[in-house]
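In what follows, a structure is listed as structure tokens, so that the remarks can point back to it.
Atom set for the values below is all heavy atoms of this structure, side chains included, hydrogens, waters and symmetry mates excluded. Everything numeric in this text was worked out from a predicted model, so none of it was measured. Each chain gets a letter, A, B and so on, in the order its sequence line appears, and its residues count up from 1.
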Amino acid sequence: MGKTGAALQVANQIPCEVVSCDSMQVYRKISIASSKPSAVEQKRVPHHLLDVVSVEEKFDVAAFNKLAAEAIEKILGQKKYPLVVGGSGMYMQVLLDGIFEAGGQDPSLRKKLESLGAEKLYGKLKQVDPDAASKIHANDLRRIVRALEVYETTKTPISTLQKQRSGLLKKYPAVIVGLNRERDELYQRINERVEEMFTEGLVNEVKAIAGSQMSLTAQRIIGVSEVMAYLRGEKSLEEAKELMKMNTRRLAKRQLTWFRKDQRIKWLMLKADDTAKKISQDILKEINL
RNA sequence: GGGCAGAUACCCAAGUGGUCAACGGGGGCAGACUGUAAAUCUGCUGCUUCGGCUUCGUAGGUUCGAAUCCUGCUCUGCCCA
């Protein structure tokens, strides 16, 4: 979409530091695949929440939220504006609106639950937390397990806990700007971006982490499985590229679906020939400092 | 030139006389989303003024009725020359 470039330009015009709100840019050694700003750009404008964990470490929204909130406080302490930039919908939501505290994970409990099968679990959830059950689809194993996990470990329905949230918006005023473009144009940019990743050395980047025991989340980085399949000889380079393009287009689509429903967002419809500078000026107009 | 197989919706593919606008998968679009979130899940996907209308290579034919049977033609693949 052009978030990074626009953010860098915003930073040229007001004193601010960037807080990345991206579930994949947190990983070290994943720079090309996650489209991190370059080293030079990072040097010019301080960035937070980049390279905070290895691909082997477990990381999730709660961990992100804690670090991001700290970074924001720090930036405010320096009398600068925190510019939160990113497309990870849930991370953004948690940061803005909060997350309930008592909700850790229990891998062994999860395993036990998962082995029971969706049907049984959903029946159980309906008894234990009908509110949550009514919102979760019977086939959505992931969420059913999570809801039951929370219930088992806290003895409180997740639907009750979910009401206990308090995020940044409760403490600070914020302007939320959404960037969008015509679909055709967006997809074309995505296709080009993927091609660039390969010329920048994506294959080597993936090779470098190929031996690690990647966390569940890190395994999902677009580019990793596709390039690995290529390295194993299961896919041609062309096939790997096309797959990545498709997966990225879908990601972009889901991101749009996520953010579209948020009434607080001020949307900017970008045009193909808009420069990062122009976009940054439009953003600043919305922020209205 | 001869023989055989095939042509189905954006793509792949099932269907072999009525219950077929046509199974399934892919892709696309839309939606949900509070600890894997670049994840997970859901719905729709010929046109429609919702009464209908037009589809299964193409032109005819058989039949009350055809994507399904018959004939010609076109194209594709394989085999023989």
Side-chain angles (χ1 to χ4, degrees), chain A residues 1 20-27 30 32-36 53 55-68 86-107 109-111 114 118 121-122 129 131-151 153-154 156-169 183-184 186-187 190 193-194 197 214-227 242-262:
Chain A
M1 200 66 82
S20 163
C21 183
D22 185 298
S23 63
M24 299 306 176
Q25 291 186 349
V26 296
Y27 293 108
I30 299 291
I32 299 169
S34 69
S35 292
K36 272 178 212 157
V53 284
V55 292
E56 309 197 333
E57 281 175 85
K58 216 168 122 16
F59 192 78
D60 58 39
V61 229
F64 167 83
N65 189 234
K66 191 163 173 288
L67 295 174
S88 294
M90 188 169 78
Y91 283 26
M92 193 72 85
Q93 188 197 63
V94 162
L95 186 61
L96 295 174
D97 302 319
I99 184 174
F100 62 92
E101 296 294 327
Q105 295 173 35
D106 183 340
L109 174 60
R110 275 191 191 187
K111 216 168 226 170
E114 274 162 15
L121 291 178
Y122 193 63
D129 186 351
D131 271 9
S134 72
K135 282 188 209 149
I136 299 172
H137 188 97
N139 292 344
D140 202 341
L141 224 187
R142 187 88 102 229
R143 290 207 173 76
I144 297 171
V145 168
R146 162 98 271 244
L148 288 172
E149 172 188 52
V150 168
Y151 181 75
T153 55
T154 67
T156 311
I158 192 171
S159 57
T160 303
L161 293 170
Q162 285 176 339
K163 287 166 192 153
Q164 307 165 7
R165 64 187 332 194
S166 174
L168 270 178
L169 287 181
R183 198 59 66 91
D184 286 355
L186 208 214
Y187 285 1
I190 285 171
R193 165 62 60 80
V194 169
M197 287 181 181
M214 279 182 268
S215 71
L216 283 168
T217 309
Q219 282 173 28
R220 306 307 172 131
I221 298 166
I222 293 175
V224 169
S225 67
E226 295 90 338
V227 172
E242 289 312 307
L243 236 191
M244 275 183 68
K245 289 175 188 173
M246 186 185 86
N247 288 148
T248 308
R249 278 182 245 125
R250 287 180 158 171
L251 165 62
K253 218 169 83 59
R254 265 176 286 131
Q255 290 179 312
L256 252 7
T257 299
W258 181 287
F259 290 111
R260 266 191 296 230
K261 72 180 174 194
D262 193 330

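A sub-4.0 Å separation between OP1 or OP2 of B:rG28 and a side-chain N or O of A:Arg249 is present. Remark: A:Thr217 is in phosphate contact with B:rA37, judged by side-chain N or O atoms under 4.0 Å from OP1 or OP2. A:Arg143 has a side-chain polar atom (N or O) that falls below the 4.0 Å cut-off from OP1 or OP2 of B:rU34. Contact check, A:Gln105 against B:rU36: a side-chain N or O comes under 4.0 Å of OP1 or OP2. Look at A:Ser23 and you won't find any side-chain N or O under 4.0 angstrom from OP1 or OP2 of B:rA37. Under 4.0 angstrom from either OP1 or OP2 of B:rA30 there lies at least one side-chain N or O belonging to A:Arg183. Dashed line: the shortest gap from a side-chain N or O of A:Arg110 to OP1 or OP2 of B:rU36 is under 4.0 Å. At the phosphate of B:rC33, neither OP1 nor OP2 sits under 4.0 Å from any side-chain N or O atom of A:Lys135. For B:rC29, the OP1/OP2 oxygens have a side-chain nitrogen or oxygen of A:Tyr187 closer than 4.0 Å. Contact annotation: A:Ser88 side-chain N/O to B:rA38 OP1/OP2 distance is under 4.0 Å.
Among the atoms of the strands shown, base atoms are found under 4.0 Å from some heavy atom of A:Lys253. Within 4.0 Å of A:Val94, counting heavy atoms only, lies no atom of the nucleic acid at all. Contacts of A:Ser34 with the nucleic acid, taken as non-hydrogen atoms under 4.0 Å apart, include base atoms. Within the 4.0 angstrom heavy-atom criterion, no nucleotide atom of any strand lies near A:Gln164. Within 4.0 Å (heavy atoms only), A:Ala33 reaches at least one base atom of the nucleic acid. Nucleic acid contact class of A:Asp97 (heavy atoms, under 4.0 Å, all strands): none. A:Phe64 comes within 4.0 angstrom of no nucleic acid atom, judged by non-hydrogen atoms across all strands. The residue A:Arg250 sits close only to the backbone: its heavy atoms come under 4.0 Å of sugar-phosphate atoms, none of a base.
When each of A:Val61 and A:Met197 is assigned the nucleotide of RNA chain B with its nearest heavy atom, A:Val61 is the one assigned upstream, toward the 5' end. Across the interface with RNA chain B, nearest-nucleotide mapping of A:Gln255 and A:Val150 shows A:Val150 to be the residue nearer the 5′ end.
If you take CZ of A:Arg146 and P of B:rA32, they are 21 Å apart, rounded to a whole angstrom. Note: CZ (A:Arg260) to C1' (B:rC33) measures 14 Å, nearest angstrom. Rounded to an integer number of Å, the gap from A:Leu256 CG to B:rC33 P is 16 Å. A straight line from CG of A:Leu121 to C1' of B:rC41 spans 15 Å, rounded to a whole angstrom. If you take CD1 of A:Ile30 and P of B:rU36, they are 19 Å apart, rounded to a whole angstrom. The nearest whole Å value for the distance from the CG atom in A:Asp60 to the C1' atom in B:rU40 is 15 Å.
Between B:rA22 and B:rC56, the two P atoms lie 15 Å apart (nearest whole Å). Rounded to the nearest Å, the gap between the C1' atom of B:rC70 and that of B:rG2 is 23 Å. Using C1' as the reference atom, B:rC20 and B:rU16 are 13 Å apart when rounded to the nearest Å. Spacing of C1' atoms, B:rU62 relative to B:rA14, comes out at 26 Å, to the nearest Å. Look at the P atom in both B:rC12 and B:rC80: the space between them is 28 Å, to the nearest Å. Comparing the C1' positions of B:rU48 and B:rG65 gives an interatomic distance of 25 Å, to the nearest angstrom.
Considering only side-chain atoms of A:Thr257, the nucleotide from B:rU36, B:rG35, B:rG31 that sits closest is B:rG31. When distances are taken from the side chain of A:Ile222 to each of B:rA38, B:rU34, B:rG27, the shortest belongs to B:rA38. For A:Arg220, whose side chain is taken as the heavy atoms from C-beta onward, the closest listed nucleotide among B:rU34, B:rU40, B:rC41 is B:rU40. Distances from the side chain of A:Asp140 to the nucleotides B:rA38, B:rC41, B:rG28 place B:rC41 closest. Set against B:rA32, B:rG35, B:rC41, the side chain of A:Asn139 has B:rC41 as its closest nucleotide. Side-chain proximity of A:Met90 to the nucleotides B:rA30, B:rU40, B:rA37 is greatest for B:rA37.
A donor-acceptor pair shorter than 3.5 Å can be found between the side chains of A:Ser159 and A:Asp129. If you check the side chains of A:Asp60 and A:Gln105, you find a donor sitting under 3.5 Å from an acceptor. Residues A:Gln25 and A:Ser34 have side chains that never bring a donor and an acceptor to within less than 3.5 angstrom of each other.
In this structure, A:Glu149 pairs ionically with A:Arg146, as a charged nitrogen and a carboxylate oxygen lie closer than 4.0 Å.
Within the shown strands, B:rC75 is the pairing partner of B:rG6 under the Watson-Crick or G-U definition, both distances less than 3.5 Å.
Two residues are said to be in side-chain contact when any heavy atoms from C-beta on lie closer than 4.5 Å; A:Thr156 and A:Val150 fail this criterion. Taking the side chain as every heavy atom from C-beta outward, A:Arg249 and A:Tyr187 approach each other to under 4.5 Å.
Under the side chain to side chain contact (heavy atoms under 4.5 Å, CB included) rule, A:Val224 has a single partner from A:Met214, A:Gln219, A:Met244, A:Met24, which is A:Met214.
In this structure, the separation between CG on A:Leu67 and CG on A:Leu95 is 11.0 Å, given to the nearest 0.5 Å.
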